[in-house]
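A quick write-up on the structure given underneath.
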Protein chains: 2
Amino acid sequence: MKSPSQPRDRGIPEATVARLPLYLRALHGMAERGVATVSSEDLAVAAGVNSAKLRKDLSHLGSYGTRGVGYEVEYLVYQISRELGLTQDWAVAIVGVGNLGRALANYGGFASRGFRVAALLDADPEVVGDTIAGLNVEHIDELEAVIKRRGVSIVVLATPAEAAQEVCDRVIAVGVTSILNFAPVVLSVPDSVDVRKVDLSIELQILAFHEQRKAGGPLMAVDSQ
Amino acid sequence: MKSPSQPRDRGIPEATVARLPLYLRALHGMAERGVATVSSEDLAVAAGVNSAKLRKDLSHLGSYGTRGVGYEVEYLVYQISRELGLTQDWAVAIVGVGNLGRALANYGGFASRGFRVAALLDADPEVVGDTIAGLNVEHIDELEAVIKRRGVSIVVLATPAEAAQEVCDRVIAVGVTSILNFAPVVLSVPDSVDVRKVDLSIELQILAFHEQRKAGGPLMAVDSQ
DNA sequence: ATCCCTTTGTGAACCGATGCACAAAGTAAC
DNA sequence: GTTACTTTGTGCATCGGTTCACAAAGGGAT
Ligand SMILES: NC(=O)c1ccc[n+]([C@@H]2O[C@H](COP(=O)([O-])OP(=O)(O)OC[C@H]3O[C@@H](n4cnc5c(N)ncnc54)[C@H](O)[C@@H]3O)[C@@H](O)[C@H]2O)c1
Ligand SMILES: NC(=O)c1ccc[n+]([C@@H]2O[C@H](COP(=O)([O-])OP(=O)(O)OC[C@H]3O[C@@H](n4cnc5c(N)ncnc54)[C@H](O)[C@@H]3O)[C@@H](O)[C@H]2O)c1
């Protein structure tokens, strides 16, 4: 029971927060393989980042390493988990149980880290009542009631684009402040609400841009003029 | 047939490239609604960004606006499309036709912008031979042959994590240099290859982090020590 | 042709993130 | 205890990206 320094910096840089899950994943792998301690260099390689960056990231949580040795894997797993809020579990609702919503509902990796799919909702009477991954699909009219009853704090939007803003407004109205949006629309929300979007189509377009540069790169100058 | 300035900057900032698809989406919406020209201010609002940023982004492509007026919607759509490489069409292969791969294959939004799902591949004999979204699922042993035959230049990885690196190595070996990875692993690839990852679990963890701050923020100091 | 109004394109200040490089802090061996 | 070695934690220079704010450019009215 040592008492390590705990500078517990309020305000961890956003870029750091985005990498913590990566470190956590690498650390879990190491823990499984029985690794007890790890150096910033090794962990950095496993997570695919630069070791100085990794050390700076971790330094924002506190001074959890031992100079000359490295970081204790179990301990670091715990500290990062706590920082990310993974020591509690989070009830997630998936709204829109189509192609994508179904895949998400069936996905096991969800539950693994404190995220529990607590509700599935859809507007289509054909789908409502179905059981998917052990969960009953409920009607979108029940949205507010279900969110309150199950203590849902994170909503995953997998509806068509046209329905996304409306559902978004409704869940915010009942107090949800964290939304993961798969619909290809810019949601408009108050500042107090966090929206993260996953947009497959944008990712492909970015790849296409670079692919084009690689392929026709230098001779692209064949201008149509 | 005017001849606008064409500074055609080599080297568009990465952050700009990532936003171009957003502008393009907003512009398509406007074109559909019959809007002929748009100001940076209006387009910025539609895309959810700051107008100065939008103008600077567009300025990297060339001087396509008219002072006092704005941008011609159709013309801008064309310029951005061309810059992103969407004037040609791209053959995409999806490897791993499970929950997620199936959802992707069935997704219509794919084809809409020059991306064509040209092949589905899986290792499971149960799945191979199935027809999904009009496409025959082929065996992973055929990977190299299929990629060459269909001219696939972008590969979507939707296999389990354990298989991802191996499939990745194989597609790179046949010349693929653009990969969209859904598996929760850090792929190791040569610098010449672009990998973009979509990681649902990381997104949720980032949301949880902020949610925790919002909820228990100030009173979090209830340390377990 | 001149004036007024709108909106672009960009210089410059600012801000957060990255990565180098090293002093400080620890272990281990003798 | 001293020395040799390892690895963290961080100061600092640098970089890419954002935002402000305004001069330059164009349109339209008179
Ligand atoms: N499937 C993919 O691979 C993929 C990829 C990228 C983006 N997306 C986006 O994800 C979203 C879902 O895609 P999908 O392929 O699952 O579509 P889908 O049409 O298969 O499913 C949408 C589901 O939402 C339900 N729905 C419609 N309106 C609703 C409402 N108001 N409230 C609740 N549910 C409602 C429909 O009944 C349907 O079950 C779309 O916005 C799509 O653009 C999907
Ligand atoms: N389903 C989701 O919502 C979701 C969300 C986030 C991440 N992911 C990730 O996406 C990947 C796929 O998820 P899923 O839910 O579709 O899993 P899944 O198990 O349903 O599908 C995986 C498919 O890959 C095939 N496969 C296995 N080894 C292969 C190989 N060597 N070559 C080709 N195909 C092979 C399997 O036969 C199976 O059909 C996983 O890595 C998962 O972690 C999925």
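Computed over heavy atoms, backbone and side chain alike; hydrogens, waters and symmetry mates excluded. To find a chain, count down the sequence lines: A is the first, B the second, and so on, and within it residues start at 1.
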Could you check how far CD of B:E72 sits from C1' of D:dG27, rounded to whole Å? 15 Å
The side-chain contact (heavy atoms from CB on, under 4.5 Å) partners of B:N50 (sequence neighbours excluded) come to B:A52, B:K53
Whole-Å distance, B:E14 CD to D:dG17 C1', equals 12 Å
With sequence neighbours left out, the residues meeting salt bridge (Lys or Arg N to Asp or Glu O under 4.0 Å) with B:E74 are none
Could you give all pairs that pass the salt bridge (charged side-chain N to carboxylate O under 4.0 Å, His left out) test and reach residues 190-203 of chain A, with sequence neighbours left out? A:D194-B:K214, A:R196-B:E203, A:D199-B:R25, A:E203-B:R196
Check each residue of residues 188-195 of chain B for a non-hydrogen atom within less than 4.0 Å of any atom in DNA chain D, then write out the ones that pass by number, or none. none
Separation of atom CG in B:L54 from atom P in C:dG9, rounded to whole Å: 10 Å
Reading nucleotides 5-15 of chain D from the 5' end, what letters show protein touch, with B for base, S for backbone sugar-phosphate only, - for no heavy atom under 4.0 Å? -BBBBBBB---
Output all residues satisfying side-chain contact (heavy atoms from CB on, under 4.5 Å) with A:S81, sequence neighbours left out; order by chain, then residue number. A:L24, A:V77, A:L86, A:T87
List for me each residue that meets salt bridge (Lys or Arg N to Asp or Glu O under 4.0 Å) alongside B:R19, sequence neighbours excluded, and say none if there are none. B:D57
Separation of atom NZ in B:K53 from atom P in D:dC20, rounded to whole Å: 11 Å
Quick one: side chains of residues 178-185 of chain B, donor-acceptor pairs under 3.5 Å with protein atoms, not counting sequence neighbours, listed by atom name and distance.
| residue | atom | partner | partner atom | Å |
| --- | --- | --- | --- | --- |
| B:S178 | OG | A:E211 | OE1 | 2.4 |
| B:N181 | OD1 | B:A183 | N | 2.9 |
| B:N181 | ND2 | B:A183 | O | 3.1 |
| B:N181 | ND2 | B:V185 | O | 3.4 |

From A:L100, A:L121, A:V117, residue fulfilling side chain to side chain contact (heavy atoms under 4.5 Å, CB included) relative to A:I94: A:V117
Let's see if you can work this out: which of C:dA17, D:dT19, D:dG17 has an atom nearest to the side-chain heavy atoms of A:A15? C:dA17
D:dG17, OP1 or OP2 - any side-chain N/O from B:N50 closer than 4.0 Å? no
Mind checking side chain to side chain donor-acceptor pair (under 3.5 Å) for A:S153 and listing every partner two or more places apart, or none if nothing turns up? none
